[in-house]
Structure formats: C-alpha cells, structure tokens
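Quick notes on the structure that follows.
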Amino acid sequence: MRNISIAIDGYSSTGKSTLARQLARELEYVYIDSGAMYRAVTLFALRNGLIGPQGLDADGLLARLPELEVGFRLNPQSGRSEVTLNGENVEGDIRTLEVSRQVSEVSTLGPVREKLVAVQRAMSRDGGVVMDGRDIGTVVLPDAELKLFMTASPEIRASRRYKELLDRGEQVKYEDVLKNVRHRDYLDSHREISPLRQAEDAIELDNSDMGLKEQFERVLAHARRVAEAQ
Ligand code: DC
C-alpha cells in the first residue's frame with residue numbers, strides 16, 4: 001500500500017487532532033499538528049512582550065521571525081511528537097486560553113504563514129503524513145490524496161474545549177470559551193491570506209452527533225481504500 005498524505009481541515013475543536021493522531025498511529029504515518037506551530041509563534045510573541053494591552057506588535061514580531069525556529073521532537077515519555085520553539089519543548093504551554101485568544105491574529109500574518117508552510121511541506125515531502133489545520137487541503141498540501149473537512153456546532157465544540165480546559169486546571173467560564181470559539185471561527189474564515197475553507201475535493205465530516213470510534217473507523221476504512229487505489 002502506498003503512503004498517502006491526509007489533510008484534515010476544519011473549525012477549531014472539531015476533533016481534528018484526535019482523528020489525525022488515531023489515523024497516524026494506525027497507519028504508522030507521521031502526525032503534524034500545524035496549529036501547534038502557530039501557537040508556538042504566539043507563545044514566542046507573548047513571552048517577548050510583543051503582545052500587550054495595545055494588542056499584537058506585528059512589525060516587532062516579523063522583525064524577530066528570522067530568530068524563530070519551530071519544529072517537532074518525539075517525547076519518549078508520551079510517545080508523541082511534540083512542538084518545539086527554538087529547541088525547547090513547549091507543548092505544555094501552548095494550549096492555554098491566553099494563547100488561544102491571540103493565535104488567530106498571529107496567524108493572519110503572511111510572513112509567519114510562509115515560514116511555517118515551508119516547514120510543513122518539507123516534513124511531508126515523502127508522504128505518509130496526517131496533517132491537520134485550516135489550510136492544509138487548500139494551500140499546504142493541495143495534492144493530498146485524502147482531504148477531510150470537519151465541522152460540528154459551536155456549542156458542542158465549546159463544551160468539548162471547556163471540559164478540556166477544566167481538566168487541565170484552567171479557571172474558565174463556558175460562555176467565554178463559546179465566545180472564543182465563535183470569534184476564532186470568524187477570524188479563521190475571514191482572514192485575507194489562506195482563510196479556512198473547504199477544498200473542492202474534501203469530504204465533509206460533521207461529527208456533532210458522531211462518536212469518536214465510529215468516526216475513526218469510517219475514515220480509516222476510506223483512507224485504506226484511497227491508499228490501495230494509488
Ligand atoms: O488547531 P488549533 O486550534 O490549535 O489552531 C490554532 C490557530 O492557528 C487557529 O485559530 C488558526 C491557526 N491555524 C492556521 O491559521 N492555519 C493552520 N494550518 C492551523 C492553525
């Protein structure tokens with residue numbers, strides 16, 4: 001069976017990364033979490049005082065872009081490939097509501113996108129990857145053999161994210177999480193460069209009422225058919 005590329009796009013908290021990880025594990029592919037890379041750049045901006053009360057200092061961030069290196073490294077403890085910022089594993093610091101609040105704006109910057117897309121493409125050169133994000137099927141891997149576009153209602157997505165944040169010990173209100181989900185949907189799909197949209201050849205997957213197991217089994221069977229047909 002040939003190693004294909006699988007592109008998974010969709011709104012935030014639709015379970016893209018859960019599905020992508022399941023597929024990568026089963027097919028023995030590499031999983032690439034492109035959102036984690038935008039989050040790592042956002043973390044860099046927060047840590048370096050480039051996001052303040054006045055908002056994002058875009059020029060300041062772009063000026064420092066050359067000194068910024070985002071990649072992935074296997075964590076032997078978790079068995080997962082985790083995102084690194086200038087060599088430091090920052091996986092544990094990028095999922096806060098603070099990073100979530102700022103990341104959509106950081107990801108509107110063309111030079112940031114160009115830099116990260118180049119890394120994403122280099123990692124996918126030989127196929128055998130599952131990558132999730134917003135522009136994977138449309139921009140990063142337009143020739144991916146299998147493209148999925150995941151959706152679910154904002155309320156369902158917010159309650160999933162809310163539980164995740166509570167489990168991680170963050171003090172958040174459901175209403176704030178829902179507001180953040182809706183706001184990011186808007187920003188992600190209305191930005192000028194590489195907005196979130198469904199690729200023409202992507203399969204839409206609405207998982208508002210679908211269990212994880214059923215979703216995984218359906219997509220896995222389809223991925224195997226696509227790989228066999230290559
Ligand atoms: O998937 P996520 O929620 O971790 O992504 C974080 C943000 O990064 C998301 O709000 C939009 C941005 N993003 C992007 O612009 N392009 C991608 N390919 C992946 C994420």
Side-chain angles (χ1 to χ4, degrees), residues 7-21 33-46 50-58 61 83 91 93-110 112-113 116-117 131-140 147-200 202-212 215 219:
I8 305 183
D9 289 304
Y11 295 99
S12 63
S13 304
T14 44
K16 299 184 295 294
S17 64
T18 302
L19 177 62
R21 265 184 223 285
D33 177 354
S34 70
M37 301 172 76
Y38 290 93
R39 287 173 179 273
V41 176
T42 306
L43 182 69
F44 175 88
L46 282 165
L50 299 165
I51 299 175
Q54 261 66 266
L56 171 68
D57 172 5
L61 176 59
V83 72
E91 190 68 40
D93 300 321
I94 58 165
R95 315 263 169 215
T96 61
L97 197 52
E98 192 185 17
V99 171
S100 296
R101 282 207 182 98
Q102 307 294 342
V103 63
S104 285
E105 197 179 349
V106 169
S107 63
T108 60
L109 302 174
V112 170
R113 304 201 68 84
L116 298 186
V117 168
M131 195 185 310
D132 72 344
R134 304 294 188 285
D135 60 342
I136 312 307
T138 51
V139 175
V140 182
K147 297 180 185 178
L148 300 171
F149 189 83
M150 296 180 65
T151 66
S153 74
E155 291 76 14
I156 286 193
R157 290 186 282 131
S159 71
R160 290 175 187 162
R161 195 66 147 200
Y162 176 63
K163 281 190 202 118
E164 251 173 54
L165 290 166
L166 285 192
D167 285 348
R168 227 176 292 135
E170 281 211 44
Q171 303 287 321
V172 288
K173 282 200 261 163
Y174 169 78
E175 287 69 29
D176 290 340
V177 179
L178 179 61
K179 221 187 275 172
N180 176 255
V181 162
R182 287 188 196 280
H183 186 57
R184 282 209 289 153
D185 284 358
Y186 183 85
L187 293 178
D188 289 349
S189 46
H190 286 81
R191 69 169 172 240
E192 217 164 291
I193 311 168
S194 307
L196 170 65
R197 64 176 179 81
Q198 183 170 353
E200 272 171 26
I203 299 168
E204 184 176 322
L205 196 65
D206 183 333
N207 63 18
S208 299
D209 302 308
M210 202 189 293
L212 283 181
Q215 168 177 274
V219 176

query: Taking atom CE of Met150 and atom OG1 of Thr18, what is their separation to the nearest 0.5 Å?
result: 8.0 Å
- prompt: Counting only heavy atoms not in Phe44, do more than 12 fall under 6.0 Å of its CZ?
  reply: yes
query: Mind checking whether Leu61 and Val41 have side chains closer than 4.5 Å, heavy atoms only?
result: yes
field: Any residue meeting ring-ring contact (aromatic ring centres under 6.0 Å, His included) with His190, in chain and number order, not counting sequence neighbours
entry: Tyr186
query: Do other residues, nucleotides or ligands put more than 12 heavy atoms under 6.0 Å from the CZ atom of Arg160?
result: yes
- prompt: Do Ser100 and Arg39 meet the criterion of a side-chain donor-acceptor pair at a distance under 3.5 Å?
  reply: yes
task: Apply side chain to side chain contact (heavy atoms under 4.5 Å, CB included) to the pair Tyr38 and Val106, showing each step before the final yes or no.
output: CA-CA 7 Å; Tyr38 290 93; Val106 169; 5.6 Å; no
query: How far does CD1 of Ile8 sit from CD1 of Ile203, to the nearest 0.5 angstrom?
result: 11.0 Å
message: Looking at Asp9 and Gly137, would you say the former's side chain and the latter's main chain have a donor-acceptor pair under 3.5 Å?
response: yes
- request: Output the distance between atom CZ (Arg134) and atom CZ (Arg184), rounded to the nearest 0.5 Å.
  value: 6.0 Å
Glu105 vs Arg191, salt bridge (charged side-chain N to carboxylate O under 4.0 Å, His left out): CA-CA, chis, key distance, verdict: CA-CA 9 Å; Glu105 197 179 349; Arg191 69 169 172 240; over 6 Å; no
field: Atom pair OG1 (Thr96) and CZ (Arg168), whose distance is rounded to the nearest 0.5 Å
entry: 8.5 Å
statement: Rounded to the nearest 0.5 angstrom, the CE-CE distance for Met131 and Met37 is 8.0 Å
- prompt: Is there a donor-acceptor pair under 3.5 Å between the side chain of Arg157 and the backbone N or O of Thr14?
  reply: no
- prompt: Does CD belonging to Gln171 count more than 12 external heavy atoms closer than 6.0 Å?
  reply: no
message: Quick check on side-chain contact (heavy atoms from CB on, under 4.5 Å): which of Asp206, Leu212, Asn207 does Met210 satisfy it with?
response: Asn207
- prompt: Under a 4.5 Å cut-off applied to non-hydrogen side-chain atoms, are Arg113 and Asp135 in contact?
  reply: yes
query: Is the number of heavy atoms from other residues, nucleotides or ligands under 6.0 Å of Glu170 CD greater than 12?
result: yes
- prompt: Roughly how far, to the nearest 0.5 Å, is the NZ atom of Lys16 from the OG1 atom of Thr151?
  reply: 11.0 Å
task: Take Arg101 and Glu98 through the test salt bridge (charged side-chain N to carboxylate O under 4.0 Å, His left out) and record every step on the way to the result.
output: CA-CA 5 Å; Arg101 282 207 182 98; Glu98 192 185 17; over 6 Å; no
query: Any sub-3.5 Å donor-acceptor pair from Glu91's side-chain atoms to Val83's backbone N or O?
result: yes
query: Pick one: which of Thr42, Asp188, Asp185 meets side chain to side chain donor-acceptor pair (under 3.5 Å) with Ser104?
result: Asp188
